[in-house]
Amino acid sequence: MLMSGTEVLAPAFARGFAVPAYNISDYGMLTAALAESEAVRSPMIISIHPAEWQLMGDEFLASVRKLAEATSVPVAIQLDHGATYDQVIGAIRLGFTSVMIDGSLLPYDENVALTRKVVNAARPVGVSVEGEIGTIGPRDPQTIEEMNEITYTTPEEAAAFVAATGVDYLAVAVGTAHGVYPPGFSPQLKIDLVATIHDAVPVPLVLHGGSGAADAEVSRAVKHGIAKVNISADMKTAYFARLREVLADPAEREPHDIYPPALEALRQVVRHKAEVCGSVGGADHYSVRPLGLRTPRWVGAPVLEH
Ligand SMILES: [Zn+2]
């Protein structure tokens, strides 16, 4: 069932588990992540980065919505790292039910103003908003020095930011970076920092860059207020590694033979991440019908119906 981000995260946050958010960039990945989430009764979030959105095109969102509506576990559709106000509005018009506006590289006051503007536009149509304070660092950091580019979120700034913007949940920088880490580097999550931020702000916290972090560390962070864990690199790496193995045989040419083993590898990661997040069986803690989500009336425009 399709829900807003807040509707998906609230029961998880209240009960101390996290909802995994999977970055999806093709139809097979989408259906496999949904199917495995159903198999383990885990709520989930389909996360689509602007680069992934551009790859798949606007019409793909109609499929995402149809499949999410038909799925038996709670699902939200999230714009990951929205860069501009216009981009976020475009996502809301297409039917995303949760949007991230990432102003974390802006000066603090500008981040507040941009995020507040997005919240003012999204809230009346029932779409939830994720903001970010602190910076989570570059994608695929190559060196330990690049890892040190993380600017940690402070509890004081987090509290002020949430109060000033009204965001529904907050991405925090607590020791992880995006993508794949340098060889030999194991990120150390600052659990104490997660806990003090959790004490300082009333909204669920979001962990970006969860791939590569030790499972036990992520599970501990979930116990201290992380209610959404973004998963991209671990899942894609497993999917494409299996695909490469299959394609090593030049005789393979049928998609229905090539994709299923890779999608099975992806499903194993989805299952494992649900276990790490504590969300296995979590779907049973939701009321059957979504409570507050109103479908914006522009969703279902002619391009989406035939
Ligand atoms: Zn991120």
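Every number for a ligand or one of its atoms is a count from 1 in the order of the listing.
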Point to revise | Arg116 side, atom CZ; Phe161 side, atom CZ - distance, nearest 0.5 Å | key: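 These two atoms lie 10.5 Å from each other.
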
Check your understanding: Is the cationic atom of Lys273 (NZ for Lys, CZ for Arg) positioned less than 6.0 Å from the six-membered ring centroid of Tyr22 and within 45 degrees of its normal?
Key -> no

Review point. Looking only at side chains, do Asn230 and Asn23 share a donor and an acceptor under 3.5 Å apart?
Key: no

Point to revise | Glu245 CD: over 12 foreign heavy atoms closer than 6.0 Å | key: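 Yes, enclosed.
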
Check your understanding: Ring centres of His81 and His178 under 6.0 Å apart?
Key -> yes

Review point. Taking only residues at least two apart or on different chains, which pairs with a member in residues 208-224 satisfy salt bridge (Lys or Arg N to Asp or Glu O under 4.0 Å)?
Key: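 Checked against salt bridge (Lys or Arg N to Asp or Glu O under 4.0 Å) - neighbours excluded - no pair reaches residues 208-224.
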
**Study point:** Listed protein N/O/S atoms, distance to the Zn ion (ligand 1) under 2.8 Å
**Key:** His81 NE2, His178 NE2, His208 ND1

